[in-house]
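As structure tokens, the structure follows; a few thoughts come after it.
What you see is a predicted model, and the numbers here were worked out from it, not measured in a lab. For the single chain, residues carry numbers from 1 onward in sequence order.
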Amino acid sequence: MSNIKIKGVYDDQHKLLDGIRHLNSKGIKIDNVYTPFPIHGIDDVLGIKPTRISTAAFIYGLTGLASALLMMWYMMIQDWPINIGGKPNFSLLQNIPAFIPISFEITVLFAAHGMVLTFLLVSKLYPGSKAYIAHPRVTDDKMVVEVMMDPSKADALSTMFKETGAVEVIGQ
């Protein structure tokens with residue numbers, strides 16, 4: 001037999017957190033939680049690791065900085081070298097103020113666009129993706145805990161949901 005999705009619908013964030021703690025203490029793996037607003041502390045209760053988006057942003061920023069410096073080097077040395085007052089064409093130490101605005105702007109451009117694309121891919125919000133709505137009112141005022149469970153244990157899970165304050169259990 002294949003597993004079925006069982007959803008517990010809550011109307012209070014405190015009951016939701018208590019319900020998740022209770023399910024965790026019984027060894028039940030929670031697949032996902034859907035809420036209409038951010039709930040403080042839910043990451044810790046679910047055991048979600050901190051995000052690595054800041055590392056990705058740093059890498060995108062370094063890529064942008066390297067691209068900016070490579071672009072300026074190419075333009076000033078290879079493509080169109082111009083002798084300006086006898087100064088070296090591409091000397092980072094002597095011409096730092098000239099390179100800062102372009103380097104900064106391209107670093108920010110790469111970091112911002114890279115983070116947006118990463119967010120869209122990780123969240124599966126790319127074009128053509130279908131939206132999954134766990135419950136019709138999850139975008140309004142209900143919170144849903146979703147668990148994949150063997151059908152033979154569905155009744156026990158349904159009882160646990162109701163004991164922890166769920167107003168509705170779907171998929172039993």
Side-chain angles (χ1 to χ4, degrees), residues 1-68 101-172:
M1 274 189 183
S2 65
N3 291 341
I4 60 172
K5 278 185 190 175
I6 301 173
K7 302 171 191 170
V9 181
Y10 293 85
D11 61 355
D12 182 42
Q13 65 182 352
H14 302 294
K15 289 180 184 176
L16 172 76
L17 289 173
D18 291 340
I20 292 171
R21 285 187 191 102
H22 181 72
L23 292 173
N24 284 340
S25 69
K26 298 291 183 184
I28 296 173
K29 182 186 175 295
I30 296 171
D31 289 324
N32 218 334
V33 176
Y34 301 94
T35 63
F37 51 84
I39 296 176
H40 180 71
I42 198 166
D43 295 345
D44 297 331
V45 174
L46 289 172
I48 296 174
K49 296 177 185 173
T51 182
R52 296 181 302 221
I53 193 76
S54 58
T55 305
F58 181 72
I59 292 170
Y60 295 139
L62 282 181
T63 305
L65 179 63
S67 299
I102 296 169
S103 301
F104 175 76
E105 293 298 333
I106 294 181
T107 299
V108 171
L109 178 80
F110 273 56
H113 283 82
M115 286 174 50
V116 167
L117 292 174
T118 301
F119 172 76
L120 292 175
L121 290 174
V122 168
S123 300
K124 296 179 181 143
L125 293 173
Y126 40 81
S129 64
K130 300 291 182 204
Y132 172 72
I133 299 178
H135 188 274
R137 289 185 57 190
V138 79
T139 59
D140 185 22
D141 62 347
K142 300 293 184 205
M143 290 149 271
V144 176
V145 176
E146 191 173 77
V147 177
M148 291 293 284
M149 182 66 71
D150 184 28
S152 64
K153 300 176 184 175
D155 291 333
L157 182 62
S158 175
T159 305
M160 274 192 245
F161 273 135
K162 296 229 184 225
E163 287 173 356
T164 59
V167 293
E168 183 180 357
V169 179
I170 302 170
Q172 41 187 334

Next item on the list: Would you name the heavy atoms of Ala57 and Ala111 that are closest together and state the gap between them?
Entry: O-CB, 3.9 Å
Checklist line | 4.5 Å side-chain heavy-atom contact, Thr35 and Tyr10 | finding: no
Next item on the list: Enter the distance from Leu16:CG to Asp11:CG here, rounded to the nearest 0.5 Å.
Entry: 10.0 Å
Checklist line | Shortest non-hydrogen separation from Ile4 to Gly171 and the atoms involved | finding: CD1-O, 3.4 Å
Check: Just how far is it from atom CG of Leu17 to atom CG of Asp12, taken to the nearest 0.5 Å?
Finding: 9.0 Å
Next item on the list: To the nearest 0.5 Å, tell me how far Leu157 CG sits from Met149 CE.
Entry: 4.5 Å
Note to self: Just verifying a value: how many Å separate Leu46 CG and Asn24 CG, rounded to the nearest 0.5 Å?
What the structure shows: 7.0 Å
Check: Which residues pass the side chain to side chain donor-acceptor pair (under 3.5 Å) test with Ser103, sequence neighbours left out?
Finding: none
Note to self: For the OH atom of Tyr60 and the CG atom of Leu109, what is their distance to the nearest 0.5 Å?
What the structure shows: 13.5 Å
Margin query: On a heavy-atom basis, which atom in Asp150 and which in Ser152 lie closest, and how many Å separate them?
Written below: OD2-OG, 2.7 Å
Notebook entry, point to check: Less than 4.5 Å apart, any side-chain heavy atom of Pro36 and any of Lys142?
Noted result: no
Next item on the list: Would you name the heavy atoms of Phe161 and Ile6 that are closest together and state the gap between them?
Entry: CE1-CG2, 3.8 Å
Note to self: Using every non-hydrogen atom in the two residues, find where Ile106 and Gly64 come nearest and quote the distance to one decimal.
What the structure shows: CG2-O, 3.4 Å
Item checked: Distance under 6.0 Å and angle within 45° of ring axis: Lys7 vs Tyr132 -> no
Notebook entry, point to check: With a 4.5 Å limit on heavy-atom distance, are the side chains of Met160 and Ile28 in contact?
Noted result: yes
Item checked: Smallest separation among heavy atoms of Val145 and Ile20, with atom names -> CG2-CG1, 4.2 Å
Notebook entry, point to check: So how far is it from His14 NE2 to Ile39 CD1, rounded to the nearest 0.5 Å?
Noted result: 9.0 Å
Notebook entry, point to check: With a 4.5 Å heavy-atom cut-off, do His135 and Glu168 have their side chains touching?
Noted result: yes
Next item on the list: Assess whether salt bridge (Lys or Arg N to Asp or Glu O under 4.0 Å) is satisfied between Asp18 and Lys15, documenting all intermediate values.
Entry: CA-CA 5 Å; Asp18 291 340; Lys15 289 180 184 176; over 6 Å; no
Next item on the list: Ignoring hydrogens and angles, tell me if any N or O in the side chain of Ser158 forms a donor-acceptor pair with the backbone of Ala154 under 3.5 Å.
Entry: no
Check: So, Asp31 side chain and Met148 main chain: donor-acceptor pair closer than 3.5 Å or not?
Finding: yes
Note to self: Keeping Thr51 on the side-chain end and Ile53 on the backbone end, is there a donor-acceptor pair under 3.5 Å?
What the structure shows: yes
